[in-house]
Amino acid sequence: MATWDRPSRRLAQMSQVPASEGEPHLPTGRELAEANRFAYAALCGVSLSQLFPEPEQSSFCTEFVTGLVKWLQLSEAVLPTMTAFASGLGGEGADVFAQILLKDPILKDDPSVITQDLLSFSLKNGRYDARARVLICHMTSLLQVPLEELDFLEETFVESLKETKEEESEMAEASRKKKENRRKWKRYLLIGLATVGGGTVIGVTGGLAAPLVAAGAATIIGSAGAAALGSTAGIAVMTSLFSAAGAGLTGYKMKKRVGAIEEFEFLPLTEGRQLHITVAITGWLASGKYRTFSAPWVALARSREQYCLAWEAKYLMELGNALETILSGLANMVAQEALKYTALSGLVAALTWPASLLAVANVIDNPWGVCLHRSAEVGKHLAHILLSRQQGQRPVTLIGFSLGARVIYFCLQEMAQEK
Amino acid sequence: MDEDVLTTLKILIIGESGVGKSSLLLRFTDDTFDPELAATIGVDFKVKTISVDGNKAKLAIWDTAGQERFRTLTPSYYRGAQGVILVYDVTRRDTFVKLDNWLNELETYCTRNDIVNMLVGNKIDKENREVDRNEGLKFARKHSMLFIEASAKTCDGVQCAFEELVEKIIQTPGLWESENQNKGVKLSHSEEGSGGGACGGYCSVL
């Protein structure tokens with residue numbers, strides 16, 4: 001019975017796709033005149049070489065441009081030129097390319113077509129490279145499109161992906177079962193991650209994530225942008241983009257202690273899903289208003305999907321208290337300083353100065369030392385989680401203050417070493 | 001290898017559609033000839049190192065498309081060029097007549113005025129010549145350009161054309177030395193640009 005259902009459903013999809021293509025008719029990069037498609041690809045190449053001049057990024061730049069030439073159906077003959085652009089030659093002409101694009105009849109009315117086209121291109125393999133996003137931001141501003149437009153487009157993509165997920169029917173049931181199976185696997189992996197922690201685990205996760213990308217995804221997204229995502233390929237892209245286990249970062253919980261870390265958990269700051277996420281890392285906690293990890297981030301609005309990292313609350317709280325003690329101690333000291341100028345000055349100075357300094361040193365020393373150490377550990381652990389793509393194939397922005405910034409520093413360092 | 005290269009020169013090839021710009025370049029860089037060469041899309045790019053008077057120079061040659069529909073793209077390549085090769089077809093008078101338009105464009109878009117220009121009359125292997133050698137020479141003199149007649153098919157004058165152009169550029173020190181300085185400025189500028197971009201709001205990782 002299942003075998004009967006399948007072809008008919010596939011036929012229905014086939015007839016659906018051209019229909020949705022015809023009705024809203026989203027203009028894509030491919031519909032531009034050849035010269036303008038050339039300018040578009042060239043501008044991307046030049047921008048890439050400006051944004052990522054480092055030699056280790058050159059393979060990404062070349063691959064991106066080569067893919068884009070195919071995507072725009074430009075002749076293969078332009079490849080050497082595009083590669084030259086991507087390797088930093090001919091950058092003088094960038095503004096001319098931008099001007100040419102802005103004069104294009106399609107782009108004149110709606111320059112965000114390029115943003116959308118680049119977004120579809122970048123997502124076609126079911127992953128969203130952070131570098132691609134940087135390029136899209138850059139191109140968007142070159143074409144004088146407000147960056148909010150990009151946010152809006154990303155949201156549209158997520159919405160259309162969501163719709164396809166809700167449509168999930170008997171046909172997708174098999175794949176879901178597979179996914180559940182995988183979820184079980186994932187749990188093992190997480191435990192493995194917490195105990196082993198290192199390169200081997202990342203290798204395994206990478207291999208698991210790969211088959212999720214259906215071969216047809218590229219063609220389906222490509223033809224009509226966001227509108228044509230009504231298929232199982234859409235689900236595959238969705239799963240790949242938003243982490244395989246479905247639960248994402250919030251689902252991540254340490255089953256076991258990793259090294260010296262006692263607490264490590266992602267708390268959602270905002271409801272919603274987006275193509276890029278933000279992880280905020282708090283530097284210290286204090287009694288009162290800033291008691292919780294999320295408190296400092298209430299005004300954070302970088303993306304619709306934001307998390308904050310809860311780590312070592314006990315020690316961060318101690319640190320915060322210590323800081324408070326110091327602050328009040330400072331007030332005390334100021335008062336004592338003032339006393340110095342009174343008749344009692346000699347007495348106060350002789351007795352209290354060294355004692356208060358000593359006290360301060362004691363108060364700060366312990367929690368600070370512990371937090372300093374833990375922040376490095378947490379940073380490394382965060383690096384492994386990000387590298388194993390718990391967040392899905394999406395760009396991540398890390399924001400942190402104080403020791404949170406230290407976490408980020410160690411996270412980046414660890415990631416650089418792993419790669 | 002790059003260390004003994006004196007300088008990198010940007011050379012531009014312009015001219016009407018079908019006069020043989022790409023063929024000249026192909027003959028020069030790869031020493032091949034393809035009578036059925038497809039029209040260039042946008043621009044083609046090739047690098048070749050040549051040595052003139054014991055000086056090695058790396059040539060970055062931009063071969064523009066002559067077709068009208070790609071004309072809008074051409075202005076983007078003039079910037080920073082030290083040498084321009086202007087090509088016409090000796091068997092097609094119309095390509096010679098239109099040289100004035102190309103010179104106008106050159107004047108409009110070139111960023112420097114001491115740029116070295118060279119006029120090349122291509123396809124001299126063909127029988128039905130419409131433009132006399134003297135006419136070409138006169139035109140080149142009038143606009144103070146170098147002049148040579150060549151054939152990409154028989155390899156006549158091709159190497160010579162590029163060598164002479166490079167020699168002239170190297171003899172004009174202000175031309176390529178200032179370009180080297182420009183490069184230094186450019187480099188810091190691009191760094192500045194990317195740094196600014198990172199601060200401007202996107203420092204995503206992964």
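Every heavy atom of this structure was used, including side-chain atoms; hydrogens, water molecules and symmetry mates were not. A, B, ... follow the sequence lines: proteins, then strands. Residue 1 opens every chain.
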Neighbourhood of chain A inside residues 20-48 of chain B, taking heavy atoms under 4.5 Å as contact: B:Ile41, B:Gly42, B:Val43, B:Asp44, B:Phe45
Give the table of side-chain donor-acceptor pairs shorter than 3.5 Å for residues 51-65 of chain A, with sequence neighbours excluded, one pair per line with atom names and distance.
from, atom 1, to, atom 2, distance (Å)
A:Gln57, OE1, A:Arg131, NH1, 2.7
A:Ser58, OG, A:Pro55, O, 3.0
A:Thr62, OG1, A:Ser58, O, 2.6

Sequence neighbours left out, what passes salt bridge (Lys or Arg N to Asp or Glu O under 4.0 Å) with B:Asp53? Give chain and number order. none
Not counting sequence neighbours, which residues clear salt bridge (Lys or Arg N to Asp or Glu O under 4.0 Å) with A:Asp95? List them please. B:Arg79
With rounding to the nearest 0.5 angstrom, report the CG to CG distance, B:Leu73 to A:Asn36. 7.0 Å
Is there side-chain contact between A:Val96 and B:Tyr109, with at least one heavy-atom pair below 4.5 Å? no
Within a strict 4.5 Å, meaning less than it, do heavy atoms of the A:Leu89 and B:Trp62 side chains meet? yes
In terms of heavy-atom contacts, does CZ of B:Arg71 have more than 12 from other residues, nucleotides or ligands at under 6.0 Å? yes
Should we count OH of A:Tyr409 as having more than 12 external heavy atoms under 6.0 Å? no
Side chain, backbone, both or neither: which part of B:Phe70 has a non-hydrogen atom closer than 4.5 Å to chain A? both
